[in-house]
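Step one of this worksheet: look at the structure below.
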Amino acid sequence: MKNSFQKLNRSFYTRDVLAVAKDLLGKIVVKKDGSKFISGKIVEVEAYDGSVDQAAHTFLGVTKRNKIMFGEGGFLYVYFTYGNHYCCNVVTGKEGSGTAVLIRAVEPISGIDLMIKNRFGRSLLNEKEKFNLTSGPGKVCKAFAITMDHYGIDLTGNEIYFLDSPKIKIKDIVAAKRIGIIKSVDLPWRFYIKDNPYVSKK
DNA sequence: ATCAAGATTACCT
DNA sequence: GGTAATCTTGATA
């Protein structure tokens with residue numbers, strides 16, 4: 001297919017956060033790790049929009065932590081939470097929008113040995129662990145070894161980037177309420193690929 | 001300076 | 001299905 005497996009450019013990210021969230025499903029996230037690559041297909045995301053969404057980190061305005069979310073789309077927003085976990089987000093929209101898409105789950109494609117090492121510190125993997133490898137936002141960051149060092153990375157660069165792939169059909173996308181939040185709980189801004197075993201929760 | 005909450009996960013019953 | 005672990009951020013004083 002003509003546009004398959006080309007790096008997504010700036011104009012993909014500077015659109016509305018909900019459009020980007022849905023379009024990110026099925027795309028390939030790639031992280032260059034020295035001479036090796038870790039990659040996976042995005043199967044679950046959530047949209048956050050500080051202008052209307054009380055659950056968004058940007059709802060109360062600019063802070064040191066959320067600064068990057070108020071910039072132009074196509075950069076990585078990473079935050080640390082619950083004393084243990086990093087979560088990574090794709091900043092979207094025009095400058096000042098304060099919007100981003102949380103990457104909640106991916107299906108491993110390459111560098112799986114590295115993911116296993118990063119997640120479990122060993123090489124063994126049973127059938128249960130296989131689907132537990134990247135089925136949650138904290139798990140994805142751990143598997144990809146994404147930390148605050150990657151805060152603000154330009155996604156059109158060569159360290160972390162996304163590859164295009166055929167669009168997921170509307171009938172294969174499920175919209176649901178977001179997970180793990182207390183405010184604005186009724187917004188159906190969680191999107192995932194129907195019947196994919198790597199989705200964090202049905 | 002102090003404090004509560006958090007876009008989670010792993011492990012328990 | 002319930003909860004402890006763990007620490008940074010952001011709000012309040």
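Using Watson-Crick or G-U wobble geometry with both donor-acceptor distances under 3.5 Å, B/dA7 finds no partner in any strand shown.
A heavy-atom distance below 4.5 Å is not found between the side chains of A/K139 and A/Y198.
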Donor-acceptor pairs are to be reported for all side-chain atoms of residues 86-108 of chain A against protein atoms at under 3.5 Å, with residues two or more places apart or in another chain.
from   : atom 1 : to     : atom 2 : distance (Å)
A/N89  : ND2    : A/Y77  : O      : 3.1
A/T92  : OG1    : A/T99  : OG1    : 2.7
A/S97  : OG     : A/T92  : O      : 3.2
A/S97  : OG     : A/K94  : O      : 3.1
A/S97  : OG     : A/T99  : OG1    : 3.1
A/T99  : OG1    : A/T92  : O      : 2.9
A/R104 : NE     : A/E44  : OE2    : 2.9
A/R104 : NH2    : A/S200 : OG     : 3.2
A/E107 : OE1    : A/N196 : ND2    : 2.9

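Distance alone, capped at 3.5 Å, places no donor-acceptor pair between the A/D186 side chain and the A/K177 backbone. Of the possible polar contacts, none joining the A/S39 side chain to the A/I109 backbone as a donor-acceptor pair under 3.5 Å is found.
Summarising the hydrophobic clusters (Ile, Leu, Val, Met, Phe, Trp, Tyr; side-chain heavy atoms under 4.5 Å, direct or chained), the residues clustered with A/F59 are A/L60.
Distance A/K201 NZ to C/dG2 C1': 13 Å, rounded to the nearest Å. Following rounding to the nearest Å, A/Y86 (OH) and C/dT9 (C1') show an atom-to-atom distance of 13 Å.
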Under 4.0 Å protein heavy-atom contacts per nucleotide of nucleotides 5-13 of chain B, with B for base, S for backbone only and - for none: -BBBSS---

